[in-house]
Amino acid sequence: MKINTESRLPRRDVLKWFASVTAATQLNPVGGLTLTAATSTPGTKGYGTDPDLAGHYQPGDFWPLTLTENQRRIAIALADLILPQDHLGPAASELRVVDYLDEWISAPYPRQVNDRREILPGLDWLEKESQRRFTKGFSALNAEQMRQVVDDICWPPDARPQHKQAAAFFQTFRSIAAGAYYATEPGWKAIGYVGNEALISFNGPPQEVLDQLGVEQTVKSGPIIQTGGFE
Amino acid sequence: MPETRPSQAKSEYDVAIVGSGAGGGQMAYTLTLAGLKCVLLEAGRAYHPDTETAMFQRRDQAPLMGVSTPDKDFGFHDATVDGGWDVPNEPYTQASKKDEEQFWWWRARMLGGRTNHWGRISLRNGPYDFKPHARDGLGFDWPLDYETVEPYYTKVERLIGVYGTNEGLENTPDSPDGVLLPAPKGRAAELLAQKHAKKVGVPIIPIHRAVLTKALDAETIPAKLHPGNQRAQKIVAASMRARAACFWATDCGRGCNIRANYQSTTVHLPPALATGNLDIIPDAHAREILMGRDDKATGVLFIDKTTGREERVKAKAVVIAASSGETVRILLNSRSNRSPNGLANSSGLVGKYIMDTVGADVRGHIPALENLPPHNEDGAGGSHFYAPWWLYQQQLAGKLDFARGYHIEMGGTRRMPGGGLPVAADLVRGAYGTRLKEDARRYYGASFGLACRGEMIPNEHSFAELDPNVKDKWGIPVVRWHWRWSDQELNMATHAVKTFTSIIEAMGGHVTHNAKMTGQDAIMNGGKIIHEVGGALMGADSRKSVCNEWNRTWDVKNLFLNDGSPFPSNADKNPTLTIMALAWRTADHIIAEARKGNL
């Protein structure tokens, strides 16, 4: 019994959602989002302490997105390298991971503002490093060339001194990108999360899980077992 | 839920209640079902869980994948609105600049208060917990014992619905047969921990939580709760029928629009409103208690936040259930010639002995949990298992360097992912591409955390007072906190870290977070566990306490405190169930007094 969340949406939310999607698409066709390519400062206001919690939102609803076209292109290429299409699911770009990244680095909150200071120079570094090594922008590199650049920065403890800053950027970027990827239903499937659906009963882990762990289900069904009494 | 504007309030009520959470909600419920006319003041806005709760919303449908921000401290989908560590226009201050002496004050500003988002853990205090001083010579005894409170624990459990089992363990009370709802099945990591913790002597058993694992029996329970009161039985039965059993999805912290878990707004207030005896005034920021010439309270002075104007409600009795810090603020601000140091403060003890719960956690990686076949572990939207304190005898024999206990809360990670890298970076190291996705799948759910929730002993250095300079937006002096843990708590945290490390290692894992930490390093700031109690202790001696055993202030005969402020001790058991049990008991006392014409 899976409850379709879309059909449970109150009508005003559906209308609001359609309105926002339509407005965004009309403003800018790229990814269906409101892009303010020229600005590079994050929003100044968050969603406040009393947003509609039951709403369904998408990047751009609360503050403008700020990545430039070129920054987007680099970010999409890197996100797809980190989370490619494979036997576990679609590529990051298909799940609009960079839209979420853009929302993140455009947000006014301290943690996100901090990440922005790492992400924007990091994207810039990727582009310059690709130009230096291959005389092409990062998004124009082939997969092998991309790996050559990324292998130098993918794990901070192994990175050379001149790559430490780029390596820190990669960790932050990967965390945000994976955070967005696995927030989606295809992401759940990729990682093996099962849930968020209404069930008649909760039966605990299946037998094969119990067997693999060498444990038994200790909470028995039916009447509660009384193993002792206070009164 | 219908709300009342100050201008629509009746000229006088039987009882005015400040605060709409566990204590205020229970008070409104019990009093109105007995026919008393009540007004409930809530400092936050009205809240409608039926339409405002995020139930199946995914993280990708929330801004910033739902992660916590200064606007939403516990994440976007957490039920809390307008509350948190900082509340706009209502500052509080710290007496010390030292990090370890900060008190983090988490406040709710919405109808139902903190009950909307809490963990629903509902543990009874045991017999020792009411007489801790008699047992170890520290702190204070309650002027109550377990047998006195027991019938009220049972009533509350029957009303709100609590799942769990009776295990017959020391100082971990069983409920009477048939009161608890069935415990949910153990999850993979919980079962693994249960099996291996035995090796280090830690008993892991089903926890008690206020979630309906089956529908409440609306045919028989109301008569047990309200014998001889047909109208109350009918109203409560209807309210119980409106609550559905848990459908095993969505975290309880989001609230629950099918009313499967307890919130004041879904369990206490609907039947209270159905009596026609309750008016709720939201956005009402209580400033002081109004007093008559005969040293009796006559009502409450508050700010209507929607207009900024001062308003008054009048009542024959007043209940404050606003949380320890707010109750202290209101009492100390209620100054007059007759009570220059604040109301109900002839003992000088209002604000003293604030307590929180000792918090410290350890997380580990458990290889046995890698690569488990995907399966649904959402469960009851919170913990299923815990370990009650198990070393009472060793403490009695003087073998430990701390006097009180802690229980262990625990959890695996096969939950809804998103918002960050779903597995530890140390495990996946520099992985990207398909290898990262395979590693994420392998390690997802293989992290296991254990958390200490321990008893703090009240001390002279932890208290609340009014800041002499700082005022809130409406000119009301605010609370200034003083905080210090004692060696009792630090030693407990050290013990907890060692124990948790042993459990993780017994499970075949290794510690990834807070390994080998000292208690001083591992203990969380005061207030962080949001179990703030004390500040107006109850006792048997009017010179040494603020309230008597009925939660009635010694100085003002018709003023009652029904949040955690009268707690003389803060057992490791989470305070909410005890707040409700004592509120019901106080309400019965008020009803009896009203019938005698004594209000």
Side-chain angles (χ1 to χ4, degrees), chain A residues 3 5 46-50 53-54 56-57 61-62 81-84 86 88 100 103-104 107 109 112 150 154-155 158 171 174-175 178-180 182-184 187-188 190-199 202-206 208-209 212-213 215 217-219 224 226-231, chain B residues 51-54 56-65 69-71 77 81-82 88 165-168 173-174 176 180 182-188 191-192 194-195 206 247-249 368 372-376 378-379 416-422 425 429-430 432-434 436-437 440-441 444:
Chain A
I3 291 180
T5 56
Y47 46 68
T49 56
D50 191 11
L53 303 184
H56 291 64
Y57 303 99
D61 278 359
F62 286 104
L81 184 74
I82 293 171
L83 297 152
D86 57 22
L88 289 172
Y100 290 90
E103 176 193 53
W104 187 282
Y109 302 110
Q112 283 74 24
V150 168
C154 68
W155 186 232
D158 296 342
Q171 290 295 304
R174 185 178 70 172
S175 177
Y182 291 113
T184 66
W188 294 355
I191 204 166
Y193 167 72
V194 183
N196 203 40
E197 56 184 2
L199 306 172
F202 178 73
N203 300 322
E208 60 171 332
V209 171
Q212 189 171 327
L213 291 172
V215 298
Q217 179 57 256
T218 54
V219 178
I224 302 305
Q226 307 284 335
T227 55
F230 183 80
E231 57 270 292
Chain B
T51 55
E52 296 194 54
T53 311
F56 289 93
Q57 276 79 345
R58 303 186 308 262
R59 280 175 167 273
D60 65 346
Q61 294 166 326
L64 304 173
M65 290 97 80
T69 67
D71 280 336
H77 286 142
V81 293
D82 286 339
T165 55
N166 288 327
E167 302 283 337
D174 291 348
L180 296 176
K185 295 271 195 281
R187 301 181 179 99
L191 293 166
L192 191 73
Q194 184 182 44
K195 177 178 174 178
F247 55 31
W248 313 103
L372 284 187
H375 61 282
N376 186 328
D378 283 358
M416 187 189 285
L421 194 65
R429 297 174 62 87
Y432 63 90
T434 295
L436 174 68
K437 291 168 78 176
R441 194 175 170 89
Y444 173 64

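Note on naming: letters A, B, ... go to the chains in the order of the sequence lines (proteins, then strands), and numbering restarts at 1 for each one.
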Tell me whether [X] contacts the main-chain N or O of [Y] through its side chain, where contact means a donor paired with an acceptor under 3.5 Å.
X	Y	value
B:Lys185	B:Gly379	no
B:Asp174	B:Gly168	yes
B:Gln61	A:Thr184	no
A:Gln217	B:Gly186	yes

Between [options], which has the largest tally of heavy atom pairs under 4.5 Å with chain B?
options	answer
A:Phe62, A:Tyr47, A:Tyr100, A:Trp104	A:Tyr47
A:Gly204, A:Pro84, A:Ala190	A:Pro84
A:Pro206, A:Gly46, A:Gly187	A:Pro206

Can you name the salt bridge (Lys or Arg N to Asp or Glu O under 4.0 Å) partners of B:Arg187, sequence neighbours left out?
B:Glu190

Interchain contact, [X] with chain A, by part (heavy-atom threshold 4.5 Å):
X	value
B:Thr53	backbone
B:Lys195	side chain
B:Pro63	both

For chain A, which candidate among B:Leu421, B:Thr69, B:Asp71 shows the most heavy-atom pairs at distances under 4.5 Å?
B:Asp71

For the interface with chain A, which of B:Pro373, B:Ala249, B:Ala54 has the highest count of heavy-atom pairs at distances below 4.5 Å?
B:Pro373

According to side-chain hydrogen bond (donor to acceptor under 3.5 Å, both in side chains), who are the partners of B:Tyr444, at least two apart in sequence or on a separate chain?
none

Any A:Leu83 side-chain heavy atom under 4.5 Å of B:Leu436 side chain
yes

Side chain / backbone / both / neither for A:Asn203 at chain B, heavy atoms under 4.5 Å:
backbone

